[in-house]
Number of protein chains: 2
Amino acid sequence: MSASRTDLQRVRKASPKRTGARVANVTIVDVAHAAGVSIKTVSRVLNREPNVSTATREQVMAAAAALHYTPNVSARSLAGSRSYLIALLYDNPNAAYIADLQTGALSRCRAGGYHLIIEPFDTTAADAPDAIADMMSKLRTDGLILTPPLCDHPGVLELLDTTGAAYVRIAPSNRVDHGSVVRIDDMAAAREMTRLLIADGHRDIGFVKGHPDHGASHQRLAGFLAAMTEAGLTVRPDWIAEGLFSFLSGVAAGTRLLDRNDRPTAIFACNDDTALGVMSEANRLGLVMPRDLSVAGFDDTPTARVVWPQLTTVRQPVADMAAMAADMIIEGRTEDEAESQLMAFEIIVRGSTGPAPRAALRD
Amino acid sequence: MSASRTDLQRVRKASPKRTGARVANVTIVDVAHAAGVSIKTVSRVLNREPNVSTATREQVMAAAAALHYTPNVSARSLAGSRSYLIALLYDNPNAAYIADLQTGALSRCRAGGYHLIIEPFDTTAADAPDAIADMMSKLRTDGLILTPPLCDHPGVLELLDTTGAAYVRIAPSNRVDHGSVVRIDDMAAAREMTRLLIADGHRDIGFVKGHPDHGASHQRLAGFLAAMTEAGLTVRPDWIAEGLFSFLSGVAAGTRLLDRNDRPTAIFACNDDTALGVMSEANRLGLVMPRDLSVAGFDDTPTARVVWPQLTTVRQPVADMAAMAADMIIEGRTEDEAESQLMAFEIIVRGSTGPAPRAALRD
DNA sequence: CGACCGTGTGACAGCGCTGTCAAGAACTCG
DNA sequence: CGAGTTCTTGACAGCGCTGTCACACGGTCG
């Protein structure tokens, strides 16, 4: 212990070119010296390469630990083929969703000695692919995680395919079999949620669509329709409202569906923000939930637990999905054959849904 | 145009060691060749160093543009003193707050050719400083942005001071004159909000404290007390409830303050999440806002606009604060004398506050 | 008009690490 | 027991760039 401490002191003093103010930098040379081997052998041990004797390996490990050695990412990136950098690309207004993705990806990155670069991109900008290419050549990222709606951007996908970059798409909507993919079964989730409403006695159920650019929107609608059909219920076209995944579009949809005499007793919105908009409008119209109206969402945003009544919704394991994506990149599972992972969802029942009002007793 | 295009082709073909699948990498050598100068001169132009003739500068710029050259960050970091990497460190449950910080910091990073590394840290873990030191030596970050509550962690501050790392603290609570700082005047903001409630006729005002570890909590309480005192109003100790910045602590505070006969007509909570908890509890107790109770928060989280009624709150320019912090690091303004920036806040009046009920008419 | 200075430019070393190759040690087998 | 094979290790080049130094040139000044 105290010996290694002394070593450290010496090494620090010996190296002449420390940029004074920075953290002390122990290099691979110091470790090699301390362990009595060549730097290449240290490199082998650190990279878990085969063909190193156990004795050597342990010596090196001990020396590295004693010196608190941490390999320099830039040097590794420059010399080798890996940069230990993963970029998370997004263009998504939903802060909570992004935060969850980051948390998940970061947990896996940290475990693997990787770091996460986050880069927001404006999907609508014409030069989005250029900006991404620029970033990739600057940083030499080992892989990209694409989130909706970026994961469906044709130009971006084309760029990545032609350059052969490693990338994983999270919850893509179209071309689901294109590239490596991590997603949930949106259709099945929406079907289950609809079944829940039906089981509560609802027969007059409205639906608010999601943003047409997100493929999940269409799958969720399909799930809704499937559940209605299998229950023998008719779907009224005027009870299906447009939506854009935003709170305000939910308010507008709420007005369309609720500010009338023949309104549905339950509304299933394509995501939580929209559902919250519907609830806000229901409040304005004096409807009490779930007595007069049941509302269900999709995503389980933090806000869903905070409104009154709390929102019944579908939970996607967003963090787990991002962790899986990071994993696939770190382990190089995007290389040969693209992989597709289907993750489990969960229906979260809270106060915003309840038994359908018995028509005879009201009005 | 077509000439340079041809050059590009040739260069790509000529360089033997492209890792096939990656993005084509134009190096500084290619640019130097195309411009007919040495690589050092190209480097000078790219780094805006002085003593380059205008003619040379323009030649180099043209060649770089034609070749779509982007300097490799790792190589720059390894060879030079800057890494073009800024780390945003956080340990904060509030996704929206972090997302805003990221957005702000990223906007400035991108403008300066920098990249943002995000690193969550568990403040309570004993080895937080070690983990940060580890990250710094791995990545050689040019600077760190510390957010609450990390920006008040004594061990972390000590580490950064001894290593001489560049860092900026966002909204620190204690030792405000320590290191470079970006913040708002929490006390003034809380005072103004309280004045607003008083101007609405409220005399019976409750307060929910923030997390005791965040200095902002204390300053906000001080602002509240100052406004009450200057208006000649007495502050009832039993109308000041503990809080932890969380929704649940808001619910608990709501129970304490509202589930009784002599309750305040207005409650000012130290942040939005807490205020939302109070509102949730008010809803449960059948109180209608703002008729029976006014509630004000602090932060202007996205949720504040989404609940019913919408929450009156204080908006901090979170993104701007992070952008300022990134700016200070990029321009090296943390080096010599520490800088302290005070940013402007804004009172956002929405539906959750209104005139005080006239006591004579109710009860 | 020679000593001196500022300006513009390039040669070169080397940042810390990994990939390649070669060489010695240890082991196998007919 | 010698040739062939595998294991273990190290020397060395070089990734793409910046920092240092040196050099050539034109201008200034006593």
Side-chain angles (χ1 to χ4, degrees), chain A residues 11 15-20 22-33 35-60 64 67 69-85 113 137-140 142, chain B residues 11 15-20 22-33 35-60 64 67 69-85 113 137-140 142:
Chain A
V11 165
S15 51
K17 278 231 174 172
R18 292 288 162 258
T19 34
R22 293 274 168 248
V23 155
N25 292 309
V26 182
T27 74
I28 196 170
V29 180
D30 302 325
V31 178
H33 189 81
V37 297
S38 74
I39 57 169
K40 180 64 214 184
T41 300
V42 176
S43 172
R44 283 198 183 92
V45 172
L46 266 39
N47 291 292
R48 294 184 180 71
E49 287 176 29
N51 299 337
V52 180
S53 73
T54 316
T56 309
R57 185 178 300 275
E58 278 167 6
Q59 272 177 57
V60 171
L67 297 174
Y69 169 70
T70 49
N72 180 304
V73 170
S74 293
R76 263 145 87 109
S77 164
L78 191 56
S81 50
R82 291 196 296 176
S83 67
Y84 296 89
L85 252 30
S137 79
K138 268 210 190 78
L139 292 172
R140 298 280 183 78
D142 287 346
Chain B
V11 165
S15 52
K17 277 226 172 174
R18 294 284 162 261
T19 33
R22 292 277 168 246
V23 154
N25 292 309
V26 181
T27 75
I28 196 170
V29 180
D30 302 325
V31 178
H33 188 81
V37 297
S38 75
I39 57 168
K40 180 63 214 185
T41 299
V42 176
S43 172
R44 283 198 184 92
V45 172
L46 265 40
N47 291 292
R48 294 184 180 71
E49 287 177 30
N51 299 339
V52 179
S53 73
T54 316
T56 310
R57 185 178 300 276
E58 278 167 7
Q59 272 176 58
V60 171
L67 296 174
Y69 170 69
T70 49
N72 179 304
V73 170
S74 293
R76 263 145 87 108
S77 164
L78 191 56
S81 51
R82 291 196 296 177
S83 66
Y84 296 88
L85 252 31
S137 78
K138 268 210 191 78
L139 292 173
R140 296 281 183 80
D142 287 344

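So you know, we letter chains A, B, ... as the sequences are listed, proteins then strands, and number each from 1.
- Listed candidates were C:dG19, D:dC17, C:dG16. Nearest to the side chain of A:E49 is C:dG19.
- When rounded to the nearest whole Å, the span between CD1 of A:I28 and P of D:dA11 equals 13 Å.
- With hydrogens and angles left out, the side chain of A:R140 and the base of D:dG16 share no donor-acceptor pair within 3.5 Å.
- Looking at A:S74 and A:S77, their side chains never bring a donor and an acceptor atom within 3.5 Å of each other.
- Where the helix from C:dC1-D:dG30 to C:dG30-D:dC1 starts and where it ends, the local axes point in directions that differ by 40°; five pairs per end, rounded to 10°.
- Residue A:S74 is out of contact with every strand shown, counting any heavy-atom pair closer than 4.0 Å.
- Within the structure, a side-chain polar atom (N or O) of B:S81 is placed less than 4.0 Å from OP1 or OP2 of D:dG19.
- Residue-to-nucleotide proximity on DNA chain C shows that, of B:K40 and B:L78, the 5′-proximal contact is made by B:K40.
- In plain terms, the two heavy atoms of A:K40 and A:E49 that are nearest each other are NZ-OE2, 4.4 Å.
- Here A:N51 reaches the OP1 or OP2 of D:dT8: one of its side-chain N or O atoms lies under 4.0 Å away.
- The shortest heavy-atom contact between B:V73 and B:Y84 is CG1-CB, 4.4 Å.
- One can place CG of A:L46 at 13 Å from P of C:dG19, the figure rounded to the nearest angstrom.
- Checking the phosphate oxygens (OP1, OP2) of D:dG16, no side-chain nitrogen or oxygen of B:T27 falls inside 4.0 Å.
- Neither OP1 nor OP2 of C:dC17 sits under 4.0 Å from any side-chain N or O of A:R76.
- At a threshold of 4.5 Å between non-hydrogen side-chain atoms, the residues B:S83 and B:L139 do not count as touching.
- Within 4.0 Å of A:Y84, counting heavy atoms only, lies no atom of the nucleic acid at all.
- Considering every non-hydrogen atom in both B:V37 and B:T56, the closest pair reads CG1-CG2, 4.0 Å.
- Counting distance only, with no hydrogens placed and no angle test, the side-chain atoms of B:R44 and the base atoms of D:dG19 include no donor-acceptor pair under 3.5 Å.
- Taking atom CG of residue B:L139 and atom C1' of nucleotide C:dG16, one finds them 14 Å apart after rounding to whole Å.
- Contacts of A:P71 with the nucleic acid, taken as non-hydrogen atoms under 4.0 Å apart, involve only primed sugar atoms and P, OP1 or OP2.
- Look at A:S53 and you won't find any side-chain N or O under 4.0 angstrom from OP1 or OP2 of D:dC7.
- Contact annotation for B:T56: backbone-only contact, meaning every heavy-atom pair under 4.0 Å involves sugar-phosphate atoms and none involves a base.
- Inter-residue side-chain proximity for B:R44 and B:V60 is flagged as unmet; no heavy-atom pair is nearer than 4.5 Å.
- Going from atom CG of B:N72 over to atom P of C:dG16 covers 17 Å, rounded to whole Å.
- Regarding B:R82, its CZ atom lies at a distance of 9 Å from the P atom of D:dT18, rounded to whole Å.
- Residue A:L85 holds its CG atom at 12.0 Å from CZ of A:R76, rounded to the nearest 0.5 Å.
- Dashed line: the shortest gap from a side-chain N or O of A:T41 to OP1 or OP2 of D:dG10 is under 4.0 Å.
- Counting to the nearest Å, the C1' atom of D:dC17 and the CG atom of B:N47 are 9 Å from each other.
- One finds the OG1 atom of A:T27 at 9.5 Å from the CG atom of A:L67 (value rounded to the nearest 0.5 Å).
- Between the P atom of D:dA11 and the CD1 atom of A:I39 lies a distance of 9 Å, rounded to the nearest Å.
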